Amino acid sequence: MAQQLKDAIRRELKVVVVSLPHRADDAICQNADLSGRLSLINIEAWEKKDLKEIALKGFKQLDIKITDEVAEQLAVECLTSPQLMQYICLSICTLLEDKNEHIVNFDMLEMAYKFTTVNFNYSKRKRRNL
């Protein structure tokens, strides 16, 4: 992608490319002439208190009861990922709907984690060379 953008960048187009931390230097590795012309901006991982808010606010909006302790446990299990937190919360909602319940408790967390894992798409996507 960086190779394709080089001409536009030479014409002073401003480009922002977002990358996962373990891929941050891919553009430089593939295009040595970009070395020194890139600025990396590190985005910190989400904090547990912010992740907990996803569960607390989201379930409140859905009129589903959740304790602070259960939300705290979810925040730990999602490994600083807001996307994983949302996915686990979605799994909990699906499980609650199947049981026609409106309370998130510790007993259902293990099942929600398994449900999330089983339904996650682990397929390898082929990277296209642009």
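All figures in this text were calculated on a predicted structure; none of them were measured in a lab.
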Just verifying a value: how many Å separate [X] [atom1] and [Y] [atom2], rounded to the nearest 0.5 Å?
X     : Y      : atom1 : atom2 : answer
Leu56 : Lys49  : CG    : NZ    : 12.5 Å
Phe59 : Ile103 : CZ    : CD1   : 12.5 Å
Leu84 : Cys89  : CG    : SG    : 9.5 Å

Please tabulate, for side-chain N and O atoms in residues 63-75, each donor-acceptor pair with protein atoms closer than 3.5 Å (sequence neighbours left out).
| from | atom 1 | to | atom 2 | distance (Å) |
| --- | --- | --- | --- | --- |
| Thr67 | OG1 | Val70 | N | 3.1 |
| Asp68 | OD1 | Lys52 | NZ | 3.2 |
| Asp68 | OD2 | Lys52 | NZ | 3.0 |
| Glu72 | OE1 | Lys52 | NZ | 3.2 |
| Glu72 | OE2 | Lys48 | NZ | 3.3 |
| Gln73 | NE2 | Glu77 | OE2 | 3.0 |

Can you name the residues that form a side-chain contact (heavy atoms from CB on, under 4.5 Å) with Glu110, not counting sequence neighbours?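 Result, side-chain contact (heavy atoms from CB on, under 4.5 Å) vs Glu110: Tyr113, Lys114.
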Residues which pass side-chain contact (heavy atoms from CB on, under 4.5 Å) with Leu79, listed by chain and number, not counting sequence neighbours: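 Testing Leu79 for side-chain contact (heavy atoms from CB on, under 4.5 Å), a comparison that skips the adjacent residues, returns none.
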Residues in side chain to side chain donor-acceptor pair (under 3.5 Å) with Ser81, at least two apart?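 So Ser81 forms a side chain to side chain donor-acceptor pair (under 3.5 Å) with Gln83.
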Determine the minimum heavy-atom distance between Leu51 and Cys78, stating which atoms define it.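 That would be CD1-SG, 3.6 Å.
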Contact list for residues 88-108, test side-chain hydrogen bond (donor to acceptor under 3.5 Å, both in side chains), sequence neighbours left out: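 Pairs touching residues 88-108 that pass the test: Ser91-Thr116.
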Is there a path from Leu109 to Leu62 through hydrophobic residues (I, L, V, M, F, W, Y) whose side chains come within less than 4.5 Å of each other?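 Leu109 and Leu62: one cluster.
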